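Right, one structure below, let's go through it.
All figures in this text were calculated on a predicted structure; none of them were measured in a lab. Values below: every heavy atom of this structure, side chains too, minus hydrogens, waters and symmetry copies.
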Amino acid sequence: MAAAATMAAAARELVLRAGASDMEEEEGPLGSGPGLQEPLQLGELDITSDEFILDEVDVHIQANLEDELVKEALKTGVDLRHYSKQVELELQQIEQKSIRDYIQESENIASLHNQITACDAVLERMEQMLGAFQSDLSSISSEIRTLQEQSGAMNIRLRNRQAVRGKLGELVDGLVVPSALVMAILEAPVTEPRFLEQLQELDAKAAAVREQEARGTAACADVRGVLDRLRVKAVTKIREFILQKIYSFRKPMTNYQIPQTALLKYRFFYQFLLGNERATAKEMRDEYVETLSKIYVSYYRSYLGRLMKVQYEEVAEKDDLMGVEDTAKKGFFSKPSLRSRNTIFTLGTRGSVISPTELEAPILVPHTAQRGDQRYPFEALFRSQHYALLDNSCREYLFICEFFVVSGPAAHDLFHAVMGRTLTMTLKHLESYLADCYDAIAVFLCIHIVLRFRNIAAKRDVPALDRYWEQVLALLWPRFELILEMNVQSVRSTDPQRLGGLDTRPHYITRRYAEFSSALVSINQTIPNERTMQLLGQLQVEVENFVLRVAAEFSSRKEQLVFLINNYDMMLGVLMEFIEELLSPPFGGLVAFVKEAESLIERGQAERLRGEEARVTQLIRGFGSSWKSSVESLSQDVMRSFTNFRNGTSIIQGALTQLIQLYHRFHRVLSQPQLRALPARAELINIHHLMVELKKHKPNF
């Protein structure tokens, strides 16, 4: 770095010296000349002026010293003045060479100049053309905006005209009467599909004309006459068709569903009459009501008369009461009583009339029953009569609503106009029969039949019979209560001292009460009723008092106790029968298998149990999965059926005890060698565990 600084200082000194000597040489010959006495103005190039800053020179010198040529010159010791003259000479040579080259290329340069001049002229013309185009485009854009405005206005006018055209088209289409419509209304039979189609079209046009007339459309006057004539023709043909169908109901042995189905197929006919000729529509409705009302009354009067002929000849009379003895004497001219009054107080198979299968079974055909010499109790006749009434009433109500286009109170009124006389006649017949009816079980079964039929009518969405059901129940309940009161009074008024010889065996009143109460409870448990249980409670009190009065007639305490035990055992026996009936729905399969298996084991045929493995497996798994819910449902049913908590508790305890005994017997059957290896035995519920669980369902006071 020191050597470089020394060389820079030497170079600066040489330059200064060379500049000074050059200036002296130039001023010598020039400075003595006239007119050149003033110094040369070099401006920024004047390094002798006071404004020259040596620091800047140092910077330039330092930068030049970095140049490769300067470095080479300093190394070789070249004389800078000589070197600068050499450079100047070279520059002059290059300048001369450039001038010669320019002269040689002068023609090309002149040609290039001409071309540039021509290009300038072309560009000038293009500029003028583009200017013209620009002005044209500006005018075109304004024209486009104008066209757009015109197009928008035209679109608005077009839409308006299309809207007007659509409205006018609808108006014209609604007013114009095509020839196809005229031909169909005048010539086509009413049963053809095209008549129905054109009738709907005529109805629409008539409605459209009425609407346009209300708006003051003058064109309606042109088609009003044509439409009126077509309407009259259509009404005439429809009236004849509907009257023909209504008159077909009057033919003997007619199936009413056939003409009703035909009328429903053409229900638009009545709608057309309702909208265009209300007088004719009312005439058709009145004719239908009058015809069907007479037909239903005639049919049910005849059916009831023939139905009562197949009733049992022996029916309960006013003397067939619980406290009346079988051997009671009657007058010489009195009618023979029932062969056995016990049949009045037992249910037997009569309860099947309210089972789901029997309740909606086909109605009884009287002449068929008479040919077969079949007889039925009153409740069976009552079910058949009212099931026919229910079925026909539901169908009639739905037909009225659909064909006559009514609902709510209007439908109720029209229904009662058709069926009112029939319902009144049926009520009078029932009232007349009940006046001499003393069969409490029959009346109670009729009550439950009505309750179930009322539910069926509600499911079919036919409320028109609700008032009728209430009227029937209003006749049945008082009669049932009266018969029970008569039985209670007959027990209360029975004098043990007039019964003749006393016997420690169960008394007939006890037997009748046990069977009678079991029958009523069995019927009542499906649809529990508190009134029934209250009446049975009164009867129970009177029977208990009677048993105690009879027991008091015995002289010895032992005979009294034997009599009480026998009579209460009779009641409990009926109670156990009721408990078996109570357990039958949820555990009937288990009961049946245990009885069959025990019978086989007693007869020494236990080997036959090997073929029952699948059945036993199903019973084990079914009991294990459903016994809790079944017991809970059983308890709830009993408590609903017996409002007396003590009676209900006793029955539940008896049922649970019976269930434990049944399952214990089932365990014993499965312990037989034939079933001991059955894999499903591992799923059996432990008896002690079952007893603990069943105690949870025991009611507490």
Side-chain angles (χ1 to χ4, degrees), residues 308 311-326 328 330 334-348 350-351 353-354 376-383 385-386 427-451 470-494 508-546 574 641 643:
M308 297 307 294
Q311 185 184 9
Y312 283 132
E313 295 181 357
E314 296 180 351
V315 295
E317 298 178 354
K318 63 180 179 179
D319 293 328
D320 295 319
L321 301 174
M322 191 173 295
V324 178
E325 189 177 2
D326 289 339
K330 294 190 176 183
S334 62
K335 295 194 306 182
S337 182
L338 294 178
R339 285 189 294 268
S340 174
R341 285 192 179 87
N342 294 335
T343 58
I344 303 174
F345 306 104
T346 58
L347 183 62
R350 298 171 67 181
V353 73
I354 59 175
Y376 300 93
F378 175 71
E379 63 270 13
L381 308 181
F382 182 87
R383 182 215 68 87
Q385 167 200 347
H386 280 80
L427 287 172
K428 289 181 178 179
H429 174 269
L430 179 62
E431 184 178 9
S432 174
Y433 180 85
L434 291 177
D436 293 327
C437 178
Y438 299 92
D439 189 348
I441 292 179
V443 176
F444 196 54
L445 284 171
C446 291
I447 290 173
H448 278 263
I449 289 171
V450 171
L451 295 177
E470 295 298 331
Q471 291 175 328
V472 173
L473 291 175
L475 293 176
L476 293 173
W477 273 115
R479 189 63 189 179
F480 175 69
E481 294 174 0
L482 176 62
I483 297 173
L484 276 184
E485 287 290 343
M486 293 174 66
N487 281 280
V488 170
Q489 184 62 33
S490 69
V491 175
R492 184 184 297 124
S493 60
T494 301
Y508 69 87
I509 292 181
T510 304
R511 183 173 59 254
R512 291 174 182 176
Y513 164 73
E515 294 173 345
F516 183 69
S517 61
S518 175
L520 294 188
V521 170
S522 177
I523 298 170
N524 192 60
Q525 68 176 351
T526 54
I527 304 180
N529 184 272
E530 187 175 352
R531 295 169 63 185
T532 304
M533 304 314 299
Q534 291 175 353
L535 294 171
L536 281 177
Q538 297 176 10
L539 182 61
Q540 177 185 348
V541 171
E542 293 300 331
V543 172
E544 289 177 354
N545 293 336
F546 171 77
V574 176
S641 300
T643 55

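- When the side chain to side chain contact (heavy atoms under 4.5 Å, CB included) test is applied to Q311, the partners found at least two apart in sequence or on another chain are M308, V315, F378, L381, Y433.
- A distance-only check finds a donor-acceptor pair linking the side chain of S490 to the backbone of N487 [under 3.5 Å].
- Within the 4.5 Å cutoff, the side chain of L520 has no heavy atoms near those of the F345 side chain.
- Within the 3.5 Å criterion, the main-chain N or O of Q489 finds a donor-acceptor partner in the side chain of S493.
- Among residues two or more places apart in sequence or in another chain, the salt bridge (charged side-chain N to carboxylate O under 4.0 Å, His left out) test is passed with E481 by R531.
- For E431, the side chain to side chain contact (heavy atoms under 4.5 Å, CB included) partners at least two apart in sequence or on another chain are L475.
- For the side chain to side chain contact (heavy atoms under 4.5 Å, CB included) test, residues two or more places apart in sequence or in another chain that qualify with V488 are R492, L539, E542.
- Scored by the side chain to side chain donor-acceptor pair (under 3.5 Å) test, Q471 finds no partners at all (sequence neighbours excluded).
- The two residues I354 and H448 make their nearest non-hydrogen contact at CG2-CB, 4.3 Å.
- You'll find the side chain of F516 reaches within 4.5 Å of the side chain of L484, heavy atoms only.
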Side-chain donor/acceptor pairs under 3.5 Å, residues 435-447, sequence neighbours excluded:
from	atom 1	to	atom 2	distance (Å)
D439	OD1	I441	N	3.3
D439	OD1	A442	N	3.3
D439	OD2	R350	NH2	2.8

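- With sequence neighbours excluded, the residues satisfying side chain to side chain contact (heavy atoms under 4.5 Å, CB included) with L482 are R479, M486.
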